[in-house]
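The structure presented is a predicted model; accordingly, all values stated were derived computationally and were not measured.
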Amino acid sequence: QVQLVESGGGLVQAGGSLRLSCAASGRTFSRYTMGWFRQAPGTRREFVAATGWIGGNTNIADSVKGRFTISRDNAKNTVYLQMNSLKPEDTAVYYCAATNLLLATMESVYVYWGQGTQVIVSS
């Protein structure tokens, strides 16, 4: 079993930045694709970004491309989501998740999930 814990959420004004972290337990973190999803009030959870265990391979949703960057530090068992130029529509609970599939974007293939961290972007 893999345990994922997100941190770094908070309140920020539009145009600002936040860096989310997701710390994972276990010895085999580097073997998993790690993804970020988000869920805004009244909406369904959507894909944000994913990074494979092969360095440099990432998949970014069109809605955040150019503003968000995903990265990982396998030595620290941690994945990051750097969020720049934040917009009010980025307001959501952000979840990290893990899958054995390469750069997966579908929620259903992620089998391990964190509890989420709240991001609120004011205008």
Side-chain angles (χ1 to χ4, degrees):
Q1 184 71 28
V2 176
Q3 184 180 44
L4 306 175
V5 180
E6 303 96 334
S7 62
L11 175 64
V12 64
Q13 292 187 356
S17 298
L18 284 173
R19 188 194 193 196
L20 306 184
S21 299
C22 176
S25 65
R27 302 177 182 176
T28 58
F29 172 80
S30 63
R31 301 170 69 93
Y32 287 91
T33 291
M34 300 298 299
W36 285 96
F37 293 78
R38 67 186 183 185
Q39 185 170 22
T43 71
R44 301 191 68 178
R45 190 151 52 189
E46 66 174 348
F47 171 78
V48 177
T51 179
W53 55 274
I54 299 175
N57 290 344
T58 61
N59 194 345
I60 309 294
D62 289 341
S63 60
V64 302
K65 188 176 182 180
R67 300 187 297 119
F68 290 12
T69 302
I70 187 170
S71 62
R72 67 193 297 163
D73 186 337
N74 289 335
K76 296 181 178 180
N77 287 348
T78 301
V79 62
Y80 305 96
L81 185 68
Q82 179 66 48
M83 305 185 295
N84 299 324
S85 301
L86 284 162
K87 304 175 180 179
E89 52 262 45
D90 296 319
T91 295
V93 176
Y94 284 72
Y95 301 88
C96 69
T99 179
N100 289 122
L101 299 181
L102 181 63
L103 298 180
T105 62
M106 299 300 296
E107 178 181 351
S108 61
V109 306
Y110 285 83
V111 296
Y112 302 109
W113 292 84
Q115 295 299 305
T117 185
Q118 176 72 62
V119 172
I120 300 175
V121 183
S122 62
S123 61

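- Within the 4.5 Å cutoff, the side chain of Glu107 has heavy atoms near those of the Trp113 side chain.
- The shortest heavy-atom contact between Ala104 and Val109 is CB-CG2, 3.3 Å.
- For Gln115, the CD atom is loosely surrounded, since the number of other residues' heavy atoms within 6.0 Å does not exceed 12.
- Considering only heavy atoms from C-beta on, Val121 stays 4.5 Å or farther from Gln13 through its side chain.
- At distances below 3.5 Å, at least one donor-acceptor pair connects side-chain atoms of Arg67 with backbone N or O atoms of Ser63.
- Shown here for Val2 and Ala24, the closest heavy-atom pair between the two residues is CG1-CB, 4.3 Å.
- Using a 4.5 Å cut-off on side-chain heavy atoms (C-beta onward), Ile60 and Ile70 make contact.
- A cation-pi arrangement, defined by a distance under 6.0 Å to the six-membered ring centre and an angle within 45 degrees of its axis, is absent between Arg38 and Tyr95.
- What you find for Thr91 and Pro41 is that their closest heavy atoms are O-CD, 4.5 Å.
- When all heavy atoms of Tyr110 and Ala50 are compared, the pair lying nearest together is OH-CB, 3.5 Å.
- Contact detail for Met34 and Cys22: the closest heavy-atom pair is CE-SG, 4.4 Å.
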Let's go through Val93 and Thr117 carefully: what are the C-alpha distance in whole Å and the side-chain angles of both, what is the deciding distance for side chain to side chain contact (heavy atoms under 4.5 Å, CB included) to 0.1 Å, and is it a yes or a no?
CA-CA 5 Å; Val93 176; Thr117 185; over 6 Å; no
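- By the 6.0 Å and 45° rule, Arg19 stacks over the aromatic ring of Tyr80.
- Looking only at distances, a side-chain donor or acceptor of Thr33 sits under 3.5 Å from a matching main-chain atom of Leu101.
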Could you walk me through whether Met83 and Trp36 pass the side chain to side chain contact (heavy atoms under 4.5 Å, CB included) test, one step at a time?
CA-CA 12 Å; Met83 305 185 295; Trp36 285 96; over 6 Å; no
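- Exactly one of Asn59, Leu20, Val64, Thr105 qualifies for a side chain to side chain contact (heavy atoms under 4.5 Å, CB included) with Val48. That residue is Val64.
- The neighbour count for Glu89 CD, taken as heavy atoms of other residues, nucleotides or ligands under 6.0 Å away, is above 12.
- Phe37 has its ring centre less than 6.0 Å from the ring centre of Phe47.
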Residue pair Asp90, Val119: steps toward the side chain to side chain contact (heavy atoms under 4.5 Å, CB included) verdict:
CA-CA 8 Å; Asp90 296 319; Val119 172; 5.5 Å; no
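- Thr51 has its side chain out of reach of Asn57: every pair of non-hydrogen atoms, C-beta onward, lies at least 4.5 Å apart.
- Cluster membership for Phe68 and Ile120, using ILVMFWY side-chain heavy atoms within less than 4.5 angstrom, is not shared.
- A distance of 9.5 Å separates OG of Ser21 from CD of Gln82, quoted to the nearest 0.5 Å.
- When every heavy atom of Pro88 is checked against every heavy atom of Ala14, the shortest pair comes out as CD-CB, 4.1 Å.
- Under the 30°/60° scheme for interplanar angles, the aromatic rings of Tyr112 and Tyr32 are found to stand perpendicular.
- Between the side chains of Asn84 and Ser17, at least one donor N or O sits under 3.5 Å from an acceptor N or O.
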